[in-house]
Amino acid sequence: MVILQRKELSLAERLYLPEVLRGLSITFRKFFEKPITRQYPEEPLPKDEVTRGQPRLVVKEDGNVACVSCGLCEAACPAYAITIDGQETDRFIEREPERFEIDMLRCILCGFCEEACPKDAIFMSDELELADYTRAALIYDLERLKRPKAALQKRIDYVYRINDRWRKPSSTS
Amino acid sequence: MIEELLIWLVKVVVVWGALIATAAIMSLAERKVSAWMQYRHGPNRVGPGGILQPLADGLKFIMKEELVPAGANRLIFRVAPAIASMPAMLAVAVIPFGYSAVIAGREIPLSIADLDIGVLYILALGGLAVYGVILGGWASNSKYSLLGALRASAQMISYELTLMLAILSVVLVCGSLNLRQIIETQRAFLDWNVFSQPLAFVLFTIATFAETNRHPFDFAECEPELVGGFHTEYSAMRFALFFLGEYCAMTVMAALNTTLFWGGPSIPFWPQAPWLLGVASFALKTAFFLFLFIWVRWTLPRLRFDQLMRLGWQVLLPLSLVNLTLTGAVMAFWGD
């Protein structure tokens, strides 16, 4: 058991007013300090390579998506947010997605799709803002998911670096 | 005669407008200052830097629905906000905001009314302010409102004694109940009453905080215990009127503090300053005391109700009595 002794107050403290003045001087000094609030929409959050935002599909330099619609991300997705329909293509890779949808309302931004992808076709972008008027508008189709590789490069480099031990850059991308 | 009436009308419009404008500015300043003291930005969306926030607030108050609770005394419920906001607006009439202006050869005393019993008039109106609070709380037919009103009125009545006694010692020093006379005796810097009556100044300032229900004595409203306070059941413009009354009362008390203790429009070491500068000096001093109201609110924790009553009756009241007695004795034996 701890017995707390009440602190003996000095005369100035018991008079209360000197302490009030001391308190006032503290708040007055704070008055001139810079606010630490971030004005969000005008001053966006600092975005880092570690930022794990919404998943996006990589568009290679030749204008095609890197995705071969293998369905691994679809299988890895714990929230069942991804839907893929594949189709044939004359390109060397033979398959490409006809339909690639991510339901952003279901996506939990876990990054499993990024880890599962054997073709470096899907990466977590730094895009975090998600707002619309209908649910249907938040199911992103292929066109809305496409991003040029350059836009995702920071994240791609980061993923290569941290996954270096077991993952090598894909031979076809 | 017409000219006299016109001058009087202009003074009424200017002073009353200034009072309402101050109340509006204070509602913004309250939020801005509190924000700055807490490393925040405060309201900054309406107009440049949030300047137009009071207008937006006012508009919202007007648009909202007025509710009258079931079982409330409708007449008193409706009249109470007016009773709460009127006294402060009336009290401003006797406060001299300058010595006298000379315009086109006419000497115009700068106060709406030059009452010989100005101090008494303000104290009487201060007493009336309690009615708005207690009628509003009682007519609401709500236990929270009633408890809040009882608490607030008990506090206001207790601190009114200290307020009056502090003012009385100033009246003894100046030898007049006329506020214009009181500022005349303080023309020189060293004649400011704060130097001869420092204790009365401290007592008066503390009592004004309690009298206007401001922090750390804001017992009229309290969310955790009373779901608001005496104005729990009020909404829309009637609620705004209580608010307006509080800010007007603060302005009047700040102006009264300036007038009684800080020389009113007097400027240190420049007794012959132009009248406009005198008015500016008065406004500046009043603004400081208004700032003090906000400043203290964001610095001190509030008292408990029993602490408030003990402070009022056992500390402030005896101190003000001692101060008054000493002042009286000094004035009787050594006074001129």
Side-chain angles (χ1 to χ4, degrees), chain A residues 1-54 104-105 109 125-135 137-138, chain B residues 29-46 48-50 162 194 198-210 214-217 287-304 307-308 310-312 314-316 318-320 323:
Chain A
M1 195 172 76
V2 182
I3 297 171
L4 291 175
Q5 293 295 332
R6 186 159 283 199
K7 192 178 148 243
E8 200 65 34
L9 296 178
S10 68
L11 182 69
E13 281 168 337
R14 265 186 292 137
L15 277 178
Y16 202 59
L17 276 179
E19 293 296 301
V20 167
L21 292 178
R22 210 157 66 88
L24 286 176
S25 79
I26 288 171
T27 38
F28 193 68
R29 263 177 278 138
K30 301 296 173 202
F31 189 75
F32 297 102
E33 283 180 30
K34 204 172 163 290
I36 55 170
T37 316
R38 180 177 287 118
Q39 297 284 36
Y40 168 62
E42 289 95 29
E43 298 171 36
L45 290 156
K47 282 170 179 168
D48 205 4
E49 53 182 11
V50 195
T51 305
R52 199 170 65 207
Q54 299 160 12
M104 285 304 168
L105 292 174
L109 313 180
S125 66
D126 57 6
E127 292 163 40
L128 288 160
E129 277 146 16
L130 188 70
D132 216 313
Y133 292 100
T134 60
R135 283 165 181 277
L138 289 166
Chain B
E30 179 105 59
R31 297 169 67 184
K32 273 292 191 189
V33 170
S34 74
W36 288 332
M37 283 179 176
Q38 298 167 356
Y39 308 131
R40 294 186 288 112
H41 289 279
N44 60 359
R45 298 285 137 171
V46 193
T162 308
V194 69
L199 185 61
F201 163 66
V202 171
L203 293 170
F204 179 83
T205 309
I206 295 173
T208 52
F209 277 79
R214 289 289 301 185
H215 224 84
F217 310 116
F288 171 77
F289 283 106
L290 283 174
F291 176 70
L292 188 72
F293 274 114
I294 304 175
W295 189 7
V296 165
R297 175 169 179 189
W298 299 105
T299 303
L300 299 182
R302 64 207 296 253
L303 276 71
R304 232 174 29 227
Q307 291 171 331
L308 170 95
R310 202 179 59 207
L311 180 69
Q314 294 188 1
V315 181
L316 295 185
L319 270 180
S320 53
N323 188 51

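Residue numbering restarts at 1 for every chain, and letters A, B, ... go by the order of the sequence lines.
Nearest heavy atom pair, residue A:Phe31 against residue B:Val33, reads CE1-CG1, 3.8 Å. Heavy atoms only, all atoms of each residue included: B:Tyr39 and A:Lys30 are closest at OH-CD, 3.2 Å.
When each of A:Ile26, A:Leu24, A:Ile36 is checked for heavy-atom pairs under 4.5 Å with chain B, A:Leu24 comes out on top. Annotation: maximal heavy-atom pairing with chain B below 4.5 Å, among A:Arg29, A:Glu42, A:Glu19, A:Lys34, occurs at A:Glu42.
Atom CD of A:Glu43 has more than 12 neighbouring heavy atoms from other residues, nucleotides or ligands inside a 6.0 Å radius. Within a 6.0 Å sphere centred on CZ of B:Arg45, heavy atoms belonging to other residues, nucleotides or ligands number more than 12. Other residues, nucleotides and ligands contribute only 12 or fewer heavy atoms inside 6.0 Å of the OH atom of A:Tyr133. No more than 12 heavy-atom neighbours from other residues, nucleotides or ligands sit within 6.0 angstrom of CZ on A:Arg22.
The aromatic rings of A:Phe28 and B:Trp295 sit tilted, their planes meeting at an angle between 30° and 60°.
Using a 4.5 Å cut-off between heavy atoms, A:Leu17 touches chain B through its side chain atoms alone. In this structure, no portion of B:Val315 lies under 4.5 Å from any heavy atom of chain A.
With rounding to the nearest 0.5 Å, the separation of OG1 in A:Thr27 from CD in B:Gln38 is 10.0 Å.
Between the side chain of B:His41 and the backbone N or O of A:Thr37 there is at least one donor-acceptor pair closer than 3.5 Å.
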